[in-house]
Structure formats: structure tokens, C-alpha cells
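Here is the structure we will look at, set down as C-alpha cells.
What you are looking at is a predicted structure, and each value in this text was computed from that prediction instead of being measured.
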Amino acid sequence: PEIWRYRNNVQFKIKRESGKTKIGFLKSNTHEIIDQSKLGCLITSKAAEQIRDEFLNFTNQKNYEFLPKVLQVRNSNKTEQTLVNLIFDFSVTGKKAKEFGFDFAEFIKNKHNNISINMRTGKNPQKTTNILGDEYIVEEINNKKFLIESTAFFQVNTSMVEFLQKELISIFERNKITLPKVVYDIYGGTGSLGSVYAEQGATVKVFEINETAKNYGMKQAQLNGLSDKFEY
């Protein structure tokens with residue numbers, strides 16, 4: 001349904017060149033950054049491009065000796081929430097990264113109504129520190145709410161998630177197949193597809209090793225009134 005501006009998760013690569021910030025995507029099979037601030041990207045959301053430009057303004061005004069290596073932006077068009085994740089190289093200390101993060105939060109917070117900022121640094125990049133707002137955004141799909149944090153896997157085209165969820169039930173209805181009583185959701189993440197069956201009364205057993213995904217899966221099952229139908 002959406003072929004432009006649909007991508008709800010973008011990671012911009014960053015480096016400093018001649019005192020200016022260069023931000024964009026890597027050229028194929030290289031470490032060269034193609035500057036997206038000049039070219040733009042037709043599948044990137046407008047929210048992500050706005051954050052990108054504000055990040056550029058911020059870093060070009062401040063003379064930081066280091067920058068994050070990645071600026072990640074996740075957003076929901078339905079809830080109008082945005083989650084920014086600053087990912088630092090392990091060589092940057094947590095103290096310096098926090099100073100940068102809080103400065104950026106102060107610079108950007110009044111420009112947006114529903115913005116959250118996280119950061120990741122250190123030798124364990126999966127450890128996330130919340131700087132502003134919540135650690136996640138709320139996405140709404142087919143009248144259900146989904147909690148999406150920085151590291152979570154989620155389909156990047158929200159309208160396609162809606163289509164896929166509806167299509168699952170439609171396949172059963174078109175072929176006059178009885179919905180199963182138990183569904184195994186393999187590599188299930190937070191159970192976004194499994195929730196479709198749970199809503200129809202099935203017990204969903206989610207197989208997932210990522211502890212963060214499991215925790216968020218149970219939280220959103222509870223949020224949607226489906227916690228009695230989910231097992232991890």
C-alpha cells in the first residue's frame with residue numbers, strides 16, 4: 001500500500017570530515033558514506049529525515065571530539081512517536097557518550113511532541129541507556145498496540161504488517177480451515193504475528209531466545225488483553 005516514505009527504522013552512518021558531519025548510508029561493498037543530507041532517500045520517513053537534519057545542525061554547531069557512529073531513528077506515523085538511538089563506538093566512554101546524549105536531547109526535545117532518546121555504548125552494544133522519554137515507541141496495527149524498542153526486530157513497512165496480519169486470517173476463511181487451538185511462533189520476537197491467532201482464541205507458544213524481545217512480548221500481550229493466550 002505504501003511504496004514511498006514507508007521505512008519506519010533507519011540507521012544513518014556518521015563520520016566527521018574537515019570539521020563537518022557527514023551522514024548517510026554506506027556505498028555498496030565499501031565504508032564510504034553517501035551523504036544523505038544532500039541526496040535524500042525516497043523510502044526514508046519524513047520524521048527520520050527531520051531528525052537527521054537536526055542532528056547535522058547540532059553537531060556542526062558543537063565542536064565535539066567524537067560523534068556517534070550511527071544515528072538510528074524509529075517512528076510511527078499512526079501514534080506520531082519517534083525513538084532516536086545514538087550508537088557509539090566502544091572506544092567512547094559512557095560518561096562522554098551521556099554528555100553528548102543529554103546535550104542533543106536538550107537541543108531537540110522542544111522541536112517534537114513525542115520523542116524519546118536512547119543510547120548504546122561500551123563493549124556490550126546491546127545495553128541501552130534511556131536519556132529522554134521512554135525506551136520504546138508504541139505502534140498501532142489493526143487496533144492492537146506494539147511496543148518497539150531500539151534493538152527490536154520489526155517489519156520496516158507498517159502498512160505491510162497490517163496486510164500480513166489480515167491475510168493470515170483471510171487464508172483460513174477463504175479455504176474454510178478451522179483456526180488452530182495452539183500456534184507455535186518460531187523466532188517469534190515480540191509475537192506480532194502470533195497475536196493475530198491469540199486474538200482469535202488460540203494459545204500462542206513463542207520460541208525466542210532474545211530476553212528483551214520476550215519481555216516486551218509479554219508486556220504488549222498484556223497491553224492488548226492477550227496475556228492469558230501467550231507463552232514464552
Side-chain angles (χ1 to χ4, degrees), residues 1-3 5-11 43-45 48 70 72-83 85 87 116 118 120 123-130 133-232:
E2 303 290 339
I3 63 171
R5 300 292 182 192
Y6 64 80
R7 193 173 176 90
N8 57 34
N9 183 14
V10 179
Q11 293 195 27
I43 64 171
T44 300
S45 70
V70 174
Q72 179 188 17
V73 184
R74 306 191 82 144
N75 72 285
S76 165
N77 289 329
K78 287 197 173 181
T79 64
E80 297 183 340
Q81 294 182 10
T82 302
L83 175 63
N85 191 27
I87 304 174
S116 299
N118 291 339
R120 286 160 60 198
K123 294 184 179 179
N124 181 3
Q126 297 303 314
K127 185 176 165 111
T128 300
T129 302
N130 181 243
D134 296 313
E135 291 185 350
Y136 56 85
I137 58 172
V138 178
E139 180 65 276
E140 290 184 6
I141 298 170
N142 293 326
N143 300 315
K144 295 188 292 295
K145 290 181 169 60
F146 295 89
L147 308 179
I148 305 172
E149 47 86 32
S150 301
T151 64
F153 170 79
F154 202 82
Q155 294 290 341
V156 297
N157 188 332
T158 305
S159 61
M160 277 305 299
V161 181
E162 292 182 321
F163 171 82
L164 288 168
Q165 289 191 353
K166 290 175 181 176
E167 185 66 11
L168 278 176
I169 300 304
S170 178
I171 288 170
F172 283 86
E173 292 175 347
R174 291 198 306 266
N175 294 282
K176 297 181 180 179
I177 300 172
T178 302
L179 280 164
K181 292 182 179 179
V182 178
V183 172
Y184 294 93
D185 196 349
I186 312 297
Y187 302 100
T190 59
S192 59
L193 288 179
S195 67
V196 179
Y197 295 107
E199 198 174 34
Q200 301 295 317
T203 296
V204 179
K205 298 186 178 183
V206 186
F207 289 77
E208 176 58 58
I209 62 171
N210 185 292
E211 290 298 325
T212 301
K214 289 162 67 173
N215 291 335
Y216 274 88
M218 290 308 300
K219 284 180 183 177
Q220 70 189 22
Q222 185 176 11
L223 190 63
N224 291 307
L226 300 171
S227 55
D228 62 327
K229 296 295 182 182
F230 266 86
E231 296 178 16
Y232 272 87

Roughly how far, to the nearest 0.5 Å, is [atom2] of [Y] from [atom1] of [X]?
{"X": "Ile169", "Y": "Leu179", "atom1": "CD1", "atom2": "CG", "value": "5.0 Å"}
{"X": "Phe153", "Y": "Thr190", "atom1": "CZ", "atom2": "OG1", "value": "9.5 Å"}
{"X": "Asn130", "Y": "Tyr136", "atom1": "CG", "atom2": "OH", "value": "10.0 Å"}
{"X": "Ser159", "Y": "Asn8", "atom1": "OG", "atom2": "CG", "value": "9.5 Å"}
{"X": "Ile148", "Y": "Ser192", "atom1": "CD1", "atom2": "OG", "value": "8.5 Å"}
{"X": "Leu83", "Y": "Glu149", "atom1": "CG", "atom2": "CD", "value": "8.5 Å"}

Look only at the side chain of [X] and the backbone of [Y], and say whether a donor-acceptor pair between them is shorter than 3.5 Å.
{"X": "Tyr6", "Y": "Pro1", "value": "no"}
{"X": "Arg5", "Y": "Thr44", "value": "yes"}
{"X": "Gln81", "Y": "Val138", "value": "yes"}
{"X": "Gln220", "Y": "Leu147", "value": "yes"}
{"X": "Glu208", "Y": "Asn210", "value": "yes"}
{"X": "Lys145", "Y": "Asn224", "value": "no"}
{"X": "Arg74", "Y": "Ala152", "value": "yes"}

Side chains of [X] and [Y], heavy atoms from C-beta outward: is any pair under 4.5 Å?
{"X": "Phe230", "Y": "Val206", "answer": "yes"}
{"X": "Arg120", "Y": "Thr151", "answer": "yes"}
{"X": "Leu168", "Y": "Leu193", "answer": "yes"}
{"X": "Ser195", "Y": "Leu226", "answer": "yes"}
{"X": "Pro180", "Y": "Phe172", "answer": "yes"}
{"X": "Gln72", "Y": "Asn9", "answer": "yes"}
{"X": "Lys205", "Y": "Val182", "answer": "yes"}
{"X": "Glu135", "Y": "Tyr216", "answer": "yes"}

Greater than 12 external heavy atoms within 6.0 Å of [X]'s [atom1]:
{"X": "Glu140", "atom1": "CD", "result": "yes"}
{"X": "Ile177", "atom1": "CD1", "result": "yes"}
{"X": "Asn175", "atom1": "CG", "result": "yes"}

Determine, step by step, whether Asn75 and Ser45 satisfy the side-chain hydrogen bond (donor to acceptor under 3.5 Å, both in side chains) criterion, reporting the C-alpha distance in whole Å, the side-chain angles of both residues, the deciding distance to 0.1 Å, and the verdict. CA-CA 8 Å; Asn75 72 285; Ser45 70; 3.0 Å; yes
Run the numbers on Phe146 and Phe154 for side chain to side chain contact (heavy atoms under 4.5 Å, CB included), then give the verdict. CA-CA 10 Å; Phe146 295 89; Phe154 202 82; 4.3 Å; yes
Nearest atoms (heavy-atom pairs only) where [X] meets [Y]:
{"X": "Ala202", "Y": "Val183", "answer": "CB-CG2, 4.2 Å"}
{"X": "Gly191", "Y": "Asp185", "answer": "CA-OD2, 3.7 Å"}
{"X": "Ile137", "Y": "Ser76", "answer": "CD1-N, 4.0 Å"}

Determine whether the side chains of [X] and [Y] contain a donor N or O and an acceptor N or O closer than 3.5 Å.
{"X": "Thr158", "Y": "Glu139", "value": "yes"}
{"X": "Thr128", "Y": "Asn118", "value": "no"}
{"X": "Gln165", "Y": "Asn142", "value": "yes"}

Are Glu2 and Arg7 within salt-bridge range, i.e. N to O under 4.0 Å? no
Regarding Glu167 and Arg174, does a basic nitrogen lie under 4.0 Å from an acidic carboxylate oxygen? yes
Lys78 vs Glu162, test: salt bridge (Lys or Arg N to Asp or Glu O under 4.0 Å). Steps then yes/no. CA-CA 12 Å; Lys78 287 197 173 181; Glu162 292 182 321; 2.3 Å; yes
